[in-house]
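Inspection log for the structure reproduced underneath, given as structure tokens.
In this chain, numbering begins with 1 at the start of the sequence shown.
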Amino acid sequence: MQQVIGIDLGGTAIKLGRFTTDGKCLQSITVDTPQPATPEAVLLKMIEAIAQIDPDNQSIAIGVGTPGPADAAGRVAKVAINLVGWQNVPLADWLEAKTGKPTILANDANCAGLGEAWLGAGRNFQHLILLTLGTGVGGAIILDGKLFVGHQGAAAELGLITLNPDGPMCNSGNQGSLEQHTSIAAIRRRTGKEPTELGKLAQNGDLEALTFWQEYGKDLGIGLTNLIYVLTPQAVIIGGGVSASFQYFLPAMQAEIEKRVLPTSRLGLQILPAELGNSAGMVGAAKLAWGIGDR
């Protein structure tokens with residue numbers, strides 16, 4: 001039975017899973033990301049963890065999700081957010097040299113999108129958008145069942161589109177980006193509260209919290225309007241930590257999309273919460289590995 005390894009590399013933890021072709025996870029482990037997380041230290045930790053999860057050397061390929069953009073060929077981690085000294089790291093080459101297994105990289109949000117498309121909320125769709133609402137706002141685009149990465153591999157920075165040209169400055173250099181209105185930091189700035197706290201207040205019928213989530217849903221709907229017009233997906237999947245309050249912001253988001261988007265561009269559109277939670281990146285990395293393992 002053929003198997004691959006999916007790896008989700010994060011700033012605090014590295015998640016690894018061994019998967020069959022139909023997506024069954026045979027074994028998974030989580031190890032701490034070494035601190036400082038230099039490329040060399042992370043590579044050593046990964047090699048140790050791979051030996052642990054695949055002691056009989058049964059896997060045929062490796063997929064890795066990294067916290068930052070990879071090149072279009074899936075070979076080089078261009079930058080990795082929250083990791084020390086990651087500039088143009090040829091991680092795929094390094095892992096291939098150490099393991100003898102073909103290896104491919106992708107941005108972690110792209111991996112999460114692939115994961116949801118393969119085994120999660122997107123499994124019944126060929127065209128979908130994943131939007132992750134967390135510390136930042138990221139995303140992935142799946143067209144014709146395939147990950148869309150664009151010319152240089154950096155496509156689908158969905159959180160960096162402009163929502164309000166006069167809004168708060170964004171690290172990207174943009175101003176008033178979707179991320180600056182809908183990330184965890186933006187929610188804190190807007191309310192002085194944590195998203196989890198606002199979710200609990202809304203659950204208890206707190207009018208102020210419910211009003212905030214309506215405004216939040218409206219902003220999200222406006223941002224998604226732009227993406228829907230360009231991509232006409234069958235589904236929009238909402239993930240990340242803030243999606244725990246999906247039920248409170250969905251009605252306003254949906255109303256905004258229905259008001260702004262022509263029916264021809266949103267025919268049958270479904271807006272769904274993500275299903276795979278924290279394992280989406282690891283699952284998507286495994287799907288990525290099947291793409292090269294099958295060659």
Side-chain angles (χ1 to χ4, degrees), residues 10-13 67 81-82 108-109 112-113 115-116 120-122 128-140 157-172 174-228 235-261 269-281:
T12 55
I81 294 133
N82 299 329
D108 52 5
E116 289 291 342
L128 61 103
I129 296 170
L130 171 77
L131 194 65
T132 54
L133 308 168
T135 311
V137 172
E157 287 289 359
L158 305 185
L160 302 184
I161 63 170
T162 304
L163 187 66
N164 169 12
D166 303 316
M169 279 306 296
C170 179
N171 294 335
S172 63
N174 194 4
Q175 194 173 348
S177 64
L178 182 62
E179 180 170 286
Q180 287 303 311
H181 290 79
T182 55
S183 67
I184 289 172
I187 292 171
R188 286 182 191 134
R189 189 179 63 240
R190 287 171 75 167
T191 65
K193 293 181 170 71
E194 294 296 317
T196 45
E197 191 185 344
L198 287 160
K200 283 186 189 125
L201 287 167
Q203 198 177 356
N204 295 330
D206 181 271
L207 200 57
E208 212 176 310
L210 288 165
T211 303
F212 164 73
W213 286 122
Q214 277 180 330
E215 290 166 4
Y216 183 89
K218 185 177 178 178
D219 284 346
L220 214 46
I222 294 167
L224 281 166
T225 291
N226 298 313
L227 299 170
I228 292 162
V236 173
I237 294 162
I238 308 288
V242 183
S243 69
S245 291
F246 182 78
Q247 69 195 83
Y248 305 116
F249 61 74
L250 174 66
M253 177 170 71
Q254 224 153 9
E256 208 59 37
I257 289 167
E258 282 168 18
K259 186 172 87 178
R260 291 171 181 269
V261 180
L269 176 70
Q270 294 194 42
I271 300 171
L272 304 164
E275 290 178 7
L276 299 179
N278 287 335
S279 64

Option among Lys193, Arg190, Gln203 that satisfies the side-chain contact (heavy atoms from CB on, under 4.5 Å) test with Leu198
Lys193
Taking atom CG as the centre, does Asn171 end up with more than 12 heavy-atom neighbours from other residues, nucleotides or ligands that are less than 6.0 angstrom away?
no
Enter the distance from Ile237:CD1 to Leu276:CG here, rounded to the nearest 0.5 Å.
9.0 Å
Looking at Asp206, I want to see if its CG is surrounded by more than 12 non-hydrogen atoms of other residues, nucleotides or ligands under 6.0 Å.
yes
Kindly give the heavy-atom pair with the smallest separation between Ala186 and His181, and that separation in Å.
CB-C, 3.6 Å
Partners meeting salt bridge (charged side-chain N to carboxylate O under 4.0 Å, His left out) with Lys259 (sequence neighbours left out):
Glu256
For Ala280 and Glu116, which heavy atoms make the closest approach, and how far apart are they?
CB-OE2, 4.2 Å
Let me know which of Leu269, Asn226, Ile228 forms a side-chain contact (heavy atoms from CB on, under 4.5 Å) with Val261.
Ile228
Spacing of Ile161 atom CD1 and Leu163 atom CG [to the nearest 0.5 Å]
7.0 Å
In terms of ring plane angle, is the pair Tyr216 and Phe212 parallel, tilted or perpendicular, where the classes change at 30° and 60°?
tilted
Heavy-atom pair with the smallest gap, counting every atom of Val236 and Leu224
CG1-CD2, 3.8 Å
What pair of heavy atoms forms the shortest contact from Ala140 to Ala109, and how long is it?
CB-O, 3.5 Å
Calculate, to the nearest 0.5 Å, the distance between atoms CE and OG1 belonging to Met253 and Thr225 respectively.
10.5 Å
Output the distance between atom CZ (Phe249) and atom CG (Asp219), rounded to the nearest 0.5 Å.
12.0 Å
Going by heavy atoms in the side chains, are Leu131 and Leu220 under 4.5 Å from each other?
yes
Between Gln175 (side chain only) and Gly167 (backbone N and O only), is there a donor and an acceptor less than 3.5 Å apart?
yes
Looking at Gly159 and Ser177, what are the two nearest heavy atoms and their distance?
O-CB, 3.6 Å
CG of Leu227 to CD1 of Ile222: how many Å apart, nearest 0.5 Å?
12.5 Å
Nearest heavy atoms of Trp213 and Pro195, plus distance in Å
CZ2-O, 3.8 Å
For Glu179, side chain to side chain donor-acceptor pair (under 3.5 Å) partners two or more places apart
none
So how far is it from Ile129 CD1 to Ile238 CD1, rounded to the nearest 0.5 Å?
9.0 Å
Is the shortest side-chain heavy-atom distance between Leu158 and Leu178 below 4.5 Å?
no
More than 12 heavy atoms of other residues, nucleotides or ligands under 6.0 Å from CD of Glu208: yes or no?
no
